[in-house]
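So that the names make sense, note that chain A is the first sequence line, chain B the second, and so on, each numbered from 1. What you see is a predicted model, and the numbers here were worked out from it, not measured in a lab.
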Amino acid sequence: MNGPDYKIKQLSIFSENKPGRIAAVAKAMKEECINILAFSIAEGAGYGVIRVIVDSPVRALERLQRDGFVVRFTDVLAVEMADRPGGLYDLTEMLSEAGVNIEYAYGYRNEPFAVLIIRVEDTDEGMKKILAHGAKLLDVKHFQPDAGC
Amino acid sequence: MACWNPNIEMMSKEDLDILQLKLLKELVDRAYDRSPLYRERMDEKGVKPDDIMTLDDLSKLPFMSKKDLRDYQPERLFMAGKRDIIRYHASSGTTGKPTIVGYTKKDIETWSESLARALTSAGLGADDIVQVANTYGLFTGGLGFHYAAEKIGAAVVPASTGNTDRQLQMINDLGVTVMAATPSYMIYVGEVAEKMGIDLRKSTLKTGLLGGEPWSDKMRERIQSQFGVRGINCFGASELYGPSWTECDEQCGIHIWRDIAIFEIIDPKTGDKASPGERGELVITMLQKEAFPIIRYRMGDITVMDEEKCACGRSHPRMMRISGRVDDMLIIRGINVFPSQVEHCLHTNPEVGNEFQIVVDRKGALDDMLVKVELKPEAFTDNILELNALRERITSRLKNSLNVGAKVELVPTGSLPRFEGKARRVMDRRDI
Ligand SMILES: [Zn+2]
C-alpha cells in the first residue's frame with residue numbers, strides 16, 4: 001500500500017511569446033476532456049514557459065507532445081492555505097521559517113480553501129520541512145479527474 | 001577644382017592604358033615569384049607571366065575567392081616576408097575565422113594615396129576637420145580614413161564608433177566639417193541631434209564620407225536635406241586595403257584609380273566579362289599590392305561600371321551603386337556577416353539545434369539583427385533563469401564571433417521553417 005504522494009506533476013511547456021500559444025494548449029486540453037486546475041506563464045525574452053496543473057497529466061503530456069509541443073513534467077508541491085485575508089501571508093511566513101527555497105509559485109482558489117503551487121529546489125527536502133511545520137500538502141489524488149466531461 | 005595627384009588623375013586614357021599594363025605585368029611577375037598559392041593557381045590554368053601582353057589578357061588569369069584567402073597560411077599566400085610586413089588587419093571570413101591581411105610600408109602609403117586623391121576630389125583639404133566615426137582596430141574603416149585625412153593635411157578626430165552625445169559635442173566644440181561613418185550611423189547622429197535640439201544644418205558639419213554598407217539615393221537625399229550634410233559614397237574592403245575610393249564632388253559614381261586597381265564586371269554564372277554598361281559581379285585586381293595579393297578577386301558585390309569621362313575631368317572609371325550580392329553575405333551596421341559564421345558559432349552550443357533563422361530589420365536608422373534558434377527538447381528546463389542564462393551565453397558568443405551584436409531568441413524545436421537543400425535562412429526586411 002502506497003503512502004500519500006505529494007509530488008504533483010506539473011506540465012511545463014516551452015513556448016514562443018506569440019498570441020495563440022495558450023489557446024492552442026487550452027484547445028488540446030478541451031479536446032482531450034482534461035480539466036485545467038491552475039496555470040501560470042513565465043516570460044523570458046521572446047519565449048516563455050507555460051506551467052499547467054491538470055487532472056490527467058500523463059494523457060495531457062502525450063497529447064501535447066503529439067501536437068509538437070516541447071513539454072515536460074516538473075514536480076511541484078501544492079500547499080493548502082486559508083481562503084481569507086492574510087492566508088497567503090501566513091503561509092509564506094511559515095515557508096520562510098521552515099527554510100524552504102521557492103523557485104516560483106502561483107495560486108488558485110479551490111473552495112473551501114485556496115492552493116499555492118510551489119516549485120522548490122529540492123522537492124523531497126521541501127516536502128519534509130513543510131509537513132514538519134504543520135502545513136497541509138495536497139495529495140495527487142486531489143487532482144484526479146471527476147467522472148465524465 | 002583641386003587634384004591631389006594631377007599627373008595621374010588627369011592622365012589621358014591612352015597613357016593610363018600604358019601605365020596600367022606595366023603595373024599589371026609587374027604584379028603578375030611579383031605574384032608568380034613570391035606567392036606559392038597564386039603561382040600554383042596560374043600553373044593549374046596553364047598561364048605564365050609572359051602571357052600577359054595586353055590588358056585584355058587579364059581574363060587569362062585565375063580568379064581568387066574569399067575561400068582562398070581564408071584557407072591559406074600567410075606564407076603560402078603573401079608576396080612579402082614577415083620582415084617587410086608593418087601592419088595587419090582582418091576582414092570577416094565565412095567561418096568564425098577572420099581573414100588576416102598584411103601590409104608593407106608601401107601598401108600603407110598606396111592606400112593613403114588612393115584615398116587622399118579621393119578626398120581631395122570630393123573637395124576636402126587642409127582646412128577640414130575630419131571626425132572618423134568608423135571602428136578603429138582590426139577592421140580598416142577607422143585607420144583608413146585617419147591616414148588619408150592626415151595626408152591631405154586635414155585634422156583628424158579619431159572618435160571611433162558609438163557615444164553619439166560625445167560625437168555631437170566634438171562636432172560643436174572643434175568645428176568638425178567632415179564625418180566618416182556608415183550612412184545609417186550618420187542618420188542616427190542626425191536624429192539624436194534633432195532630439196537634443198541641435199540643428200545640424202546650422203553646424204559646421206558639411207560632408208559625410210559614407211560607406212561600409214549598402215545605401216540608397218533615398219538615404220542620401222534625406223541626409224542632405226534633413227541634416228545639411230553632403231553624402232559622399234565611399235568604397236573599399238579590408239582585403240583590398242580598406243576604404244580607398246570615393247565619389248568626387250559630382251557625386252556620380254566612385255572613381256577607381258586605374259593605377260591602383262582594375263575593376264572588372266563579370267557574369268557571376270559563367271565568369272565571362274559582362275558587356276559594357278551591364279550589371280554583374282565585381283572582380284578586383286589590386287595593381288600595386290606588395291604583401292597580400294588581390295588578383296581577379298571575386299568580391300561578390302553586384303554593380304556596374306561607367307567608363308565615360310566624368311564631369312570633373314577625370315577619365316578614371318566610376319563604379320555605380322552596389323545593388324546586391326551574389327552570395328548570402330549580410331552587412332550589419334557596416335560589418336560583413338555570413339550566415340555560415342552564425343551557423344559555426346551556434347554549433348558550439350550543444351543546447352541548440354542546427355536550424356536557425358536570421359531576421360534583419362532597420363529599427364529607426366540602425367540595423368537590428370535577430371537570430372532565432374531552436375532549443376533542443378532535452379535542453380528545455382522549467383527554470384526560466386537557466387533559459388535566460390543560456391540565451392545570454394549564446395548572445396555573447398555570437399557577438400564575439402561576428403563583431404556585431406545580435407539579439408537571440410530561443411524557439412521550440414520544429415518551429416522554424418525547413419527548406420530543401422541550401423536553407424534560405426535570412427529574412428532581410430530592411431528598406432534602404
Ligand atoms: Zn569625377
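Taking a cutoff of 4.0 Å between a charged side-chain nitrogen and a carboxylate oxygen, A/Asp124 and A/Lys7 qualify as a salt bridge. By the 4.0 Å N-to-carboxylate-O rule, B/Asp361 lies close enough to B/Arg429 to be salt-bridged with it. A salt bridge does not link A/Asp122 with A/Lys129: none of the charged nitrogens is closer than 4.0 Å to a carboxylate oxygen. Salt bridge absent: A/Arg72 and B/Asp382 never bring a charged side-chain N and a carboxylate O closer than 4.0 Å.
Counting heavy-atom pairs closer than 4.5 Å to chain A, the top-ranked of the candidates B/Asn383, B/Thr381, B/Asn388, B/Leu410 is B/Leu410. Counting heavy-atom pairs closer than 4.5 Å to chain A, the top-ranked of the candidates B/Thr413, B/Leu385, B/Val411 is B/Val411.
If you measure heavy-atom distances from A/Glu16 to chain B, the contacts under 4.5 Å come from both the backbone and the side chain. With a 4.5 Å cut-off on non-hydrogen atoms, A/Tyr104 touches chain B through its side chain but not through its backbone. Residue contact with chain B, scored on non-hydrogen atoms closer than 4.5 Å, involves the backbone of A/Glu43 exclusively. The part of B/Glu378 that comes within reach of chain A is its backbone (N, CA, C, O), which places non-hydrogen atoms under 4.5 angstrom from that chain.
The heavy-atom pair separating B/Asn134 from B/Ala181 by the smallest distance is OD1-CA, 3.3 Å.
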